[in-house]
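A short write-up of the structure that comes next.
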Amino acid sequence: MLAMSTIVWFRRDLRLADNPAWSAATDQHDAVTALFVLEPKLWRSAASMRRALLRGHLQALDEQLRGFGGRLRIEIGEPAKIVPAVAGETGASTVFVNADYSPHSIARDAAVAETVHLESFAGLAVHAPGEILTAAGTPPRVFTPYWKRWKDHPWGLWPAAGDVSVAAEPGADLPDEETPPFECGEAAARDRLHSFLERVDDYTATRDRPDLDATSRLSSDLHFGTLDPRRVRHETGETTQSRIGLVRQLCWRDFYLQVLWQHPRSLDLEFRPEYRGMPWRNDDAGFAAWAAGTTGYPIVDAGMRQLREEGYIHNRVRMIAASFLVKDLLIDWRLGERWFRRHLVDGDIAQNAGNWQWVAGTGTDAAPYFRVFNPVSQSRKFDPDGRYIHRYVPELRELEAPGVHAPWKVGPLELASAGITLGETYPEPMVDHAMARKRAIAAYEAARGASNG
């Protein structure tokens with residue numbers, strides 16, 4: 001006989017299909033309260049684009065639940081108070097959740113579990129943290145051995161939901177937000193996946209081109225859990241190098257999730273101790289110019305303006321922009337990580353911190369400290385016609401390639417014919433890249449020397 005009532009507490013799993021917490025709850029109970037707790041601190045920490053997307057996904061999930069005769073119950077406040085209160089009100093003895101692994105999430109769930117029993121499942125990753133181990137029984141510390149074990153590791157059966165009655169209490173109203181940047185909900189996420197799979201076999205050849213529509217744009221669906229990463233892997237398959245390349249990105253996602261779970265201080269502390277004494281520059285004006293997209297380097301400015309307009313940056317441009325902040329400006333990577341985390345619609349804590357540490361050369365799979373992205377050569381290689389720059393830096397639209405990649409190298413007549421006056425209509429470069437590269441390498445070598453001394 002089925003137990004009467006329980007709660008499914010949704011967090012980063014805003015879907016019903018392929019959702020192990022939802023499946024287990026609906027299999028074991030005949031009545032469910034579908035709960036989402038909006039945490040004011042997290043809401044305030046996100047920029048408007050991500051708040052709008054979250055609101056849209058919650059509304060889509062609510063619409064799905066209406067098909068069961070119920071609603072998504074929204075409550076606003078601290079989960080440690082709200083979840084036990086809803087459990088007491090509904091008579092639920094167990095709350096079903098999909099585990100999350102950030103320091104905040106672990107502390108939050110521990111606080112709730114002091115008064116309510118949490119039944120936790122692995123619904124966030126293909127392979128949950130702690131599942132991929134070396135022969136010695138320890139989690140791999142770098143990506144390549146992790147990938148070798150991850151890709152061959154077996155995974156369980158698809159979860160299947162049962163028939164259930166969903167409580168109809170809608171709870172609190174969501175705060176108003178602007179229109180989401182794209183269609184929200186599980187069905188729309190599936191459509192995005194299937195649309196991308198029609199062109200995935202060009203992924204390896206084109207994924208680094210920001211001027212092309214060549215990436216999956218599924219990162220925010222994975223972040224909010226409108227797509228299960230196992231489904232993405234299953235439907236993608238590994239029949240071509242491009243498909244393997246996409247699956248490898250899912251593995252990176254799991255890897256960084258495991259790194260943060262195992263080393264929670266890596267969110268704000270260099271993984272490699274030799275770089276914890278880096279002489280970062282205090283440069284508020286430099287950071288402000290970087291954040292605003294007014295550095296004078298067009299590819300960097302295009303990326304930072306795309307972030308402001310869309311809550312998204314193409315992955316190659318993320319690396320270029322991050323390298324510019326850390327290596328050219330010698331500004332602390334933590335400041336960039338927090339800026340990206342606030343503004344990106346796919347601002348996943350583990351991914352963001354892991355990738356920033358990679359660029360800074362301080363992480364597990366660190367790029368060598370002497371690897372400094374040249375923003376001009378990167379721009380010429382990956383945006384050859386300047387179309388990406390033209391899209392996001394409109395004051396340069398009349399300047400064709402190759403000049404658009406480095407306007408300060410263009411002659412005055414060509415600039416004038418394009419309506420550009422450096423220092424007025426578009427900034428002059430705020431730093432000389434060759435000088436900045438030498439300065440960065442010297443700073444890293446000094447930090448390494450100090451740690452060895």
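- Listed by first and then second residue, the ring pair (Phe, Tyr, Trp, His ring centres under 6.0 Å) pairs that reach into residues 346-383 are Phe340-Trp356, sequence neighbours excluded.
- More than 12 heavy atoms of other residues, nucleotides or ligands sit less than 6.0 Å from atom CZ of Arg342.
- Distance CD/Glu119 to CH2/Trp9: 14.5 Å, rounded to 0.5 Å.
- The cationic group of Arg217 lies under 6.0 Å from the six-membered ring centre of Tyr312 and within 45° of the ring axis, placing it in a cation-pi geometry.
- Under the 3.5 Å distance criterion, the side-chain polar atoms of Gln241 are left unmatched by any main-chain donor or acceptor of Thr204.
- Side chain of Arg233 to main chain of Val247: no donor-acceptor pair is present (N/O by atom type, distance under 3.5 Å, no hydrogens or angles).
- Between the side chain of Asp383 and the backbone N or O of Ser379, no donor-acceptor pair lies under 3.5 Å.
- Taking the ring centre of Trp43 as origin, the terminal cationic atom of Arg51 falls inside the region bounded by 6.0 Å and 45° from the ring axis.
- In this structure, Phe143 and Trp147 have parallel ring planes: the angle between them is below the 30° cut-off, well short of the 60° mark.
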For this session: Mind running side chain to side chain contact (heavy atoms under 4.5 Å, CB included) on Arg73 and Val86 for me, showing each step along the way?
Result: CA-CA 10 Å; Arg73 179 168 177 170; Val86 175; 3.9 Å; yes
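- Counting non-hydrogen atoms of neighbouring residues, nucleotides and ligands closer than 6.0 angstrom, the CD atom of Glu238 exceeds 12 such neighbours.
- Taking the charged nitrogens against the carboxylate oxygens, Glu337 and Arg341 do have a contact shorter than 4.0 Å, which makes a salt bridge.
- Classification of Arg338 and Asp332 as a salt-bridged pair fails, no side-chain N sitting under 4.0 Å from a carboxylate O.
- Formation of a donor-acceptor pair under 3.5 Å by the Arg12 side chain with backbone atoms of His223 is found in this model.
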For this session: Test Tyr388 against His314 for ring-ring contact (aromatic ring centres under 6.0 Å, His included), laying out the working first.
Result: CA-CA 10 Å; Tyr388 177 77; His314 184 277; 7.0 Å; no
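- Between Arg334 and Asp268, no side-chain nitrogen of the basic residue sits less than 4.0 Å from a carboxylate oxygen of the acidic one, so the salt-bridge criterion is not met.
- Judged purely by atom type and a 3.5 angstrom limit, Asp13 has no side-chain atom pairing as donor or acceptor with the backbone of Leu124.
- Among all heavy-atom pairs drawn from Leu42 and Ser45, the shortest one is O-OG, 2.8 Å.
- Tyr444 places a side-chain N or O within donor-acceptor distance of the main-chain N or O of Ala360, the cut-off being under 3.5 Å.
- Within 6.0 Å of CG on Asn282 lie no more than 12 heavy atoms contributed by other residues, nucleotides or ligands.
- The closest donor-acceptor contact from the side chain of Arg243 to the backbone of Gly237 lies at 3.5 Å or more, if one exists at all.
- Between Tyr203 and Asp201, the closest side-chain pair of non-hydrogen atoms is not below 4.5 Å.
- Electrostatic pairing of Arg108 and Glu39 counts as a salt bridge here, judged by a charged N lying under 4.0 Å from a carboxylate O.
- Across all non-hydrogen atoms, the minimal contact from Glu178 to Ala52 is O-CB, 3.3 Å.
- Side chain of His390 to main chain of Leu399: a donor-acceptor pair is present (N/O by atom type, distance under 3.5 Å, no hydrogens or angles).
- Of the options Met430, Met319, His433, Gln378, a side chain to side chain contact (heavy atoms under 4.5 Å, CB included) to Phe324 is made by Met430 and by none of the others.
- Asp221 has no carboxylate O lying under 4.0 Å from a charged side-chain N of Arg15, or vice versa, which leaves the two without a salt bridge.
- Looking at every heavy atom in both residues, Ile106 comes nearest to Asp100 through CG1-O, 4.0 Å.
- Between the side chain of Gln351 and the backbone N or O of Arg253 there is at least one donor-acceptor pair closer than 3.5 Å.
- No cation-pi contact links Arg439 to Trp280, judged by a cut-off of 6.0 Å to the six-membered ring centre and 45° from its axis.
- A donor-acceptor contact shorter than 3.5 Å is absent between the side chain of Glu428 and the backbone of Trp408.
- In terms of heavy-atom proximity, Ser266 sits nearest to Gln357 at O-NE2, 2.9 Å.
- Open room surrounds CD on Glu183; 12 or fewer heavy atoms of other groups in view lie less than 6.0 Å from it.
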Exercise. Stepwise, does the salt bridge (charged side-chain N to carboxylate O under 4.0 Å, His left out) test hold for Arg55 with Asp176?
Worked result: CA-CA 8 Å; Arg55 191 179 196 274; Asp176 288 333; 3.5 Å; yes
